[in-house]
Amino acid sequence: MARGTSFGGLHSNRDLGLIQQTVDVQPAPPKLNIIDVPGADGSKDLSAQPAGRVVFGDREITWTFALYPGARWHTKHREVSNALNGLACNITLDDDPGYYYVGRLTVKEYNRDATLRQITVTANCRPFKLKQGETEVTATLTTAYKTIVLENDRKPVVPTITVTAETSLRWDGNTFTVSPGTHKILDIELREGLNELEAATVSGTGGITMVYQEGAL
């Protein structure tokens, strides 16, 4: 099977009969805030948010597809337009199967001459490509604090935390006490790399599960 792209539940080759010729994934542009300072050398870079990180704008992906010899141009034109134009979906490249993009598609152009018939599709996508499947980390807890290492990709993310007993959590010098159940604590935001969370039950034993969606640029 020729390489291609999955748009939601449709594969460009297997389901739509398109030959993927090129795919161009543009990088997510950082949102820069550069201020010129009159009377001073250079400028002032205010791009970093209060949390000390730069945020990013949407990215664009462009595909060029060709038709198989003998494919009916007008039929394929209608089929691709109906299936893809305006569709919001998860997008997975065969060449990068561990991640998916989230975006909206536009069937941008149809080209036809005596020898070649091509369809161009673009997608306006969120900045981060997301890992297929969520990351899940579990641990058994006692009243002695346990250090739990949470490895994260580039995208900052707040994990969903589920505990089976009343639990104390230490993070960045702060302590949070949570009751049995599922919680999202906005102050516990994972950064890129290895993150350490300390956890202990208030009494007895218990368990903790942390689930989060990793994303890369």
Side-chain angles (χ1 to χ4, degrees), residues 1-32 47 53-137 150-160 190-193 211-217:
M1 179 64 69
R3 307 295 282 175
T5 299
S6 292
F7 300 106
L10 296 174
H11 188 270
S12 59
N13 186 290
R14 182 173 57 252
D15 298 306
L16 296 175
L18 299 174
I19 303 169
Q20 183 171 292
Q21 295 182 302
T22 64
V23 55
D24 177 23
V25 181
Q26 291 294 310
K31 293 184 176 180
L32 302 181
S47 303
R53 67 180 182 90
V54 174
V55 295
F56 295 86
D58 289 346
R59 69 166 86 210
E60 185 172 88
I61 307 177
T62 302
W63 295 262
T64 302
F65 297 106
L67 273 62
Y68 281 99
R72 297 179 59 188
W73 171 248
H74 293 294
T75 300
K76 187 61 62 177
H77 183 295
R78 182 179 67 251
E79 179 186 358
V80 173
S81 287
N82 286 344
L84 300 184
N85 202 14
L87 178 67
C89 62
N90 294 344
I91 300 164
T92 303
L93 308 178
D94 285 356
D95 291 330
D96 190 17
Y99 291 85
Y100 67 93
Y101 300 86
V102 178
R104 188 174 294 278
L105 305 175
T106 300
V107 179
K108 191 171 184 180
E109 191 173 16
Y110 298 100
N111 289 319
R112 180 179 66 164
D113 58 30
T115 59
L116 186 64
R117 298 177 179 187
Q118 292 179 315
I119 298 174
T120 301
V121 177
T122 64
N124 184 70
C125 296
R126 299 291 295 162
F128 291 93
K129 61 180 182 179
L130 302 176
K131 274 191 176 181
Q132 301 281 3
E134 295 178 311
T135 300
E136 181 175 305
V137 178
L150 304 169
E151 186 171 5
N152 186 45
D153 213 321
R154 178 66 185 271
K155 184 180 186 294
V157 62
V158 175
T160 299
L190 305 184
R191 309 173 185 90
E192 181 183 16
V211 178
Y212 52 98
Q213 178 72 67
E214 297 186 65
L217 286 173

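Because only heavy atoms are used, hydrogens play no part in the values below, and waters and symmetry mates are left out as well, while side chains stay in. Because the structure is a prediction, the values reported are computed rather than measured.
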- Message: Could you check whether any side-chain heavy atom of Leu93 comes within less than 4.5 Å of a side-chain heavy atom of Trp63, counting everything from C-beta outward?
- Response: yes
- Message: Restricting to non-hydrogen atoms, name the atom on Gln20 and the atom on Ser12 that form the minimum distance, rounded to 0.1 Å.
- Response: OE1-OG, 4.2 Å
- Message: Quick check: do Val25 and Tyr101 have side-chain heavy atoms less than 4.5 Å from each other?
- Response: yes
- Go through the structure and list residues passing side-chain hydrogen bond (donor to acceptor under 3.5 Å, both in side chains) with Glu79, not counting sequence neighbours. Lys76
- Message: Between Thr5 and His11, is there a side-chain heavy-atom distance shorter than 4.5 Å?
- Response: no
- Message: Within the 4.5 Å heavy-atom criterion, are Pro156 and Arg53 side-chain neighbours or not?
- Response: yes
- Item | Asp153 and Lys131: CA distance, side-chain angles, deciding distance, side chain to side chain contact (heavy atoms under 4.5 Å, CB included) verdict | CA-CA 9 Å; Asp153 213 321; Lys131 274 191 176 181; 4.1 Å; yes
- Message: Are Thr120 and Gln118 packed together at the side-chain level, in the sense that at least one heavy-atom pair is separated by less than 4.5 angstrom?
- Response: no
- Do you know which two heavy atoms are closest between Asp15 and Gly9, and how far apart they sit? OD2-O, 3.7 Å
- Query: What is the ring orientation for Tyr110 with His77, classed by angle as parallel under 30°, tilted 30 to 60°, or perpendicular over 60°?
  - Reply: parallel
- Task: Quick one: pull up CG in Asn85 and NZ in Lys108 and give me the separation to the nearest 0.5 Å.
- Result: 12.5 Å
- How about Asn13 and Tyr68: do any of their side-chain heavy atoms sit closer than 4.5 Å? yes
- Task: Give a yes or no on whether the backbone of Val102 and the side-chain of Asn90 come within a donor-acceptor separation of less than 3.5 Å.
- Result: no
- Looking only at heavy atoms, the pair that brings Ile19 and Leu67 closest together is CD1-O, 3.8 Å
- Message: Could you go through Ile61 and Val23, starting from their C-alpha distance and side-chain angles, then the distance that decides it, and tell me whether this counts as side chain to side chain contact (heavy atoms under 4.5 Å, CB included)?
- Response: CA-CA 7 Å; Ile61 307 177; Val23 55; 3.9 Å; yes
- Query: Are side-chain N/O atoms of Thr122 and Thr62 paired as donor and acceptor at under 3.5 Å?
  - Reply: no
- Item | Donor-acceptor under 3.5 Å (Arg59 side chain, Pro27 main chain) | no
- Any donor and acceptor pair, going by atom type alone, linking the side chain of Asn152 with main-chain N or O of Lys155 inside 3.5 Å? yes
- Is a side-chain N or O of Asp58 found less than 3.5 angstrom from the main chain of Asn124, in a donor-acceptor match? no
- Item | Nearest non-hydrogen partners of Gly57 and Ala28, listed with the distance | O-CB, 3.6 Å
- Examine distances only and state if a side-chain atom of Gln213 and a backbone atom of Leu130 form a donor-acceptor pair shorter than 3.5 Å. no
- If you draw a 6.0 Å radius around CD in Gln21, do more than 12 non-hydrogen atoms from other residues or ligands fall strictly inside? yes
- Task: Locate the shortest heavy-atom distance separating Ala216 from Tyr99; write the atom from each residue and the value.
- Result: CB-CE2, 3.9 Å
- Query: Do Val158 and Tyr212 come within less than 4.5 Å of each other through their side chains, counting heavy atoms only?
  - Reply: no
- Can you list the steps and then say if Tyr100 with Gln132 is a side chain to side chain contact (heavy atoms under 4.5 Å, CB included)? CA-CA 7 Å; Tyr100 67 93; Gln132 301 281 3; 3.6 Å; yes
- Note on the structure: Nearest heavy-atom approach of Ile91 to Leu105 is CD1-CD2, 3.8 Å
- Query: Ignoring hydrogens and geometry, is there a side-chain-to-backbone donor-acceptor pair from Arg104 to Gly86 under 3.5 Å?
  - Reply: yes
- Item | CZ/Arg126: more than 12 non-hydrogen atoms of other groups inside 6.0 Å | no
- Query: Got Thr135 and Leu150 here, is their nearest side-chain heavy-atom distance under 4.5 Å?
  - Reply: no
